[in-house]
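When a residue number appears, it is its place in the shown sequence, counting from 1. Atoms considered below: every heavy atom in the structure, side chains included; atoms not considered: hydrogens, waters and symmetry mates.
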Amino acid sequence: MWSVPLAAEEYARLVPFAVVFGLFMLVWSWARISGTRSLLHPKRPRLLTLVAFAAAVAAFVPYAGLWHERYEMMATLGTGAPLWSMGETQPQSRYAFRASSYDLNVVRRADDAFGAVASIRFPVADGEPVPAAAGVREVKSHKPGYITFLLHPLLKVTRTELNGTPVEAVREGAYLHIPSASLRGRTGEQRLVVEYGGDMTVWAYGSSWDGYLSFIRGDNIYLPSYSGWYPLPGGDSLFYMLYDRILGARKDADLFFHSDFRATLTGFDGPLYASIPEAADSGHSGMKRFYEADSKGLSLFGGHFREVSVSGEPITVVTTPGSMRDAENLLQRIRSIREYYESWGRRLDSIERILYFPMESIDLTSFWPFEQKVGHTLLLPVYPQMMSNSQILYHTMELILFGDTNSYQIDASHSPESEFSLVTEIRSAILYMADRDNRIIPFKPIIETEYWHMMKSMIDRAIARGDEAKVWQVLASFWDRGLSISVYHDGPNGQYVQEYPIITADDWAEAWNRAMPGDADLLKLPK
């Protein structure tokens with residue numbers, strides 16, 4: 001469980017103070033009693049009290065120092081971070097550029113810090129980086145005459161080379177500015193080498209919580225891909241500031257990242273899991289290697305976990321010893337649901353591993369979702385007070401089936417006709433089919449609209465007369481086109497952006513009529 005090791009430093013600095021303070025209270029109590037009875041040495045109890053008090057204060061200094069270090073770190077990370085409340089955050093897409101490949105070599109040190117060398121290849125056109133986001137014509141510059149990578153501010157850069165020539169990089173907070181003079185007039189692949197290192201254990205706090213945005217403590221590791229633990233090709237910022245000096249992580253920092261990714265890690269001796277596949281030669285000579293073509297980035301997770309699997313289900317669960325039975329039950333239910341959908345010719349292979357364990361110590365910023373897909377790995381935080389087992393299963397299946405859990409209502413009454421879509425209703429219909437057939441999903445409609453109730457009525461009547469295969473024909477025609485809903489912070493001032501396929505009522509009616517032409521009387525969808 002991550003929370004115990006992370007609290008060890010806090011306990012180590014607090015316990016001496018608690019012990020000495022307890023002794024002080026005993027001495028003080030004794031002094032109060034003795035001081036009234038000691039006529040020969042009236043000053044001795046007072047002197048002992050002062051000595052005990054001084055010892056308690058001295059013992060408190062290390063604990064106070066811990067909080068001073070933490071608040072100092074927050075001040076450092078907050079320097080230059082845009083203010084969310086003032087609309088200073090900008091879309092990552094304006095600054096993000098393409099990278100072709102990453103070759104990352106990381107060496108873990110005994111003090112839980114690390115040193116790394118990143119070799120990055122990125123294309124340029126006439127000396128300018130190529131935009132990573134669709135619709136962006138030119139990469140916006142943070143600093144004229146430089147191209148800018150995002151790298152965590154706590155990591156110190158010791159060497160930078162561009163195409164084999166040393167260059168003088170400029171660090172400004174989370175920005176790593178590389179002079180672009182040597183790129184002038186060039187076109188094609190360029191190679192940047194960055195040598196850097198530091199400690200990535202980053203504490204953060206809010207109005208009623210504190211937690212960690214990233215950490216390496218012993219075998220306990222949490223390095224999300226968006227944290228900037230390796231240089232990211234452009235973007236607006238790694239962090240933002242809320243009111244009351246609350247620091248948050250920009251989880252969209254790697255939103256447009258697509259690159260071949262190869263990583264070699266040395267000194268990570270405990271169990272280590274990654275968001276990309278482990279290479280075949282991993283483990284040789286004490287090194288762990290990971291590789292993926294066209295990767296979305298690398299996230300690392302480590303801890304004293306157990307791996308759980310069940311016969312017939314390709315997904316495995318990594319969890320704590322106390323959650324193994326829950327994990328096995330979850331996999332058995334997923335297997336039953338998988339068998340149902342695959343009996344209709346659907347292949348469910350978007351998830352290979354689920355990380356299922358308490359995460360109350362990590363990343364508790366306001367934009368942390370209940371679940372998160374990182375590559376082929378699903379992070380499922382176990383919050384008993386927030387999610388029942390049925391909710392965990394439901395959200396997991398949403399992600400396996402559609403690639404996300406963005407169950408947002410697209411309201412016809414408030415959306416322009418060009419933006420309205422029945423995508424959420426059709427997703428509900430696909431989930432409803434498994435529940436209707438054999439109650440294997442604890443179904444509830446994603447949204448309750450008159451469109452959904454009309455579609456449900458059509459499905460029920462078709463199945464009642466024996467046309468279940470034709471219903472699946474209709475649903476599959478939309479599923480094959482994609483039903484994913486992408487929601488991220490990348491608007492003009494960093495607000496939510498929703499991307500989804502546009503499916504009109506006429507599209508649904510046409511597909512239904514094509515499969516079951518005798519159902520014209522049922523095609524009275526509300527306008």
Residues Phe257, Phe97; criterion ring-ring contact (aromatic ring centres under 6.0 Å, His included); working and verdict: CA-CA 8 Å; Phe257 188 99; Phe97 52 91; over 10 Å; no

Lys/Arg N to Asp/Glu carboxylate O, Lys156 vs Asp199, below 4.0 Å: no

NZ/NE/NH1/NH2 to OD/OE distance under 4.0 Å, Arg335 and Glu313: no

Flag for Thr165-Asn163: side-chain donor and acceptor within less than 3.5 Å: no

Side-chain H-bond candidate by donor/acceptor type, Thr316 with Arg353, under 3.5 Å: no

Side-chain ion pair, Arg159 and Glu161, N-O less than 4.0 Å: yes

Arg108 to Phe114, cation-pi by 6.0 Å centre distance and 45° axis angle: no

Salt-bridge present (Glu292, Arg262; N to O < 4.0 Å): no

Derivation of the salt bridge (Lys or Arg N to Asp or Glu O under 4.0 Å) call for Arg338 and Asp349: CA-CA 10 Å; Arg338 176 187 297 279; Asp349 56 4; over 6 Å; no

Residues Thr319 and Arg306: side-chain donor-acceptor under 3.5 angstrom: no

Flag for Asp236-Gln92: side-chain donor and acceptor within less than 3.5 Å: no

Distance flag, aromatic centroids of Tyr230 and Phe261, threshold under 6.0 Å: yes

Salt-bridge contact Arg347-Glu342 (side-chain N to carboxylate O under 4.0 Å): no

Donor-acceptor pair between Asp126 and Thr187 side chains, under 3.5 angstrom: no

Distance-only side-chain donor-acceptor flag, Glu189 / Ser100, under 3.5 Å: yes

Whether Tyr175 and His177 hold their rings parallel, tilted or perpendicular, with breakpoints at 30° and 60°: tilted

salt_bridge(Asp480, Arg346) N-O dist < 4.0 Å: yes

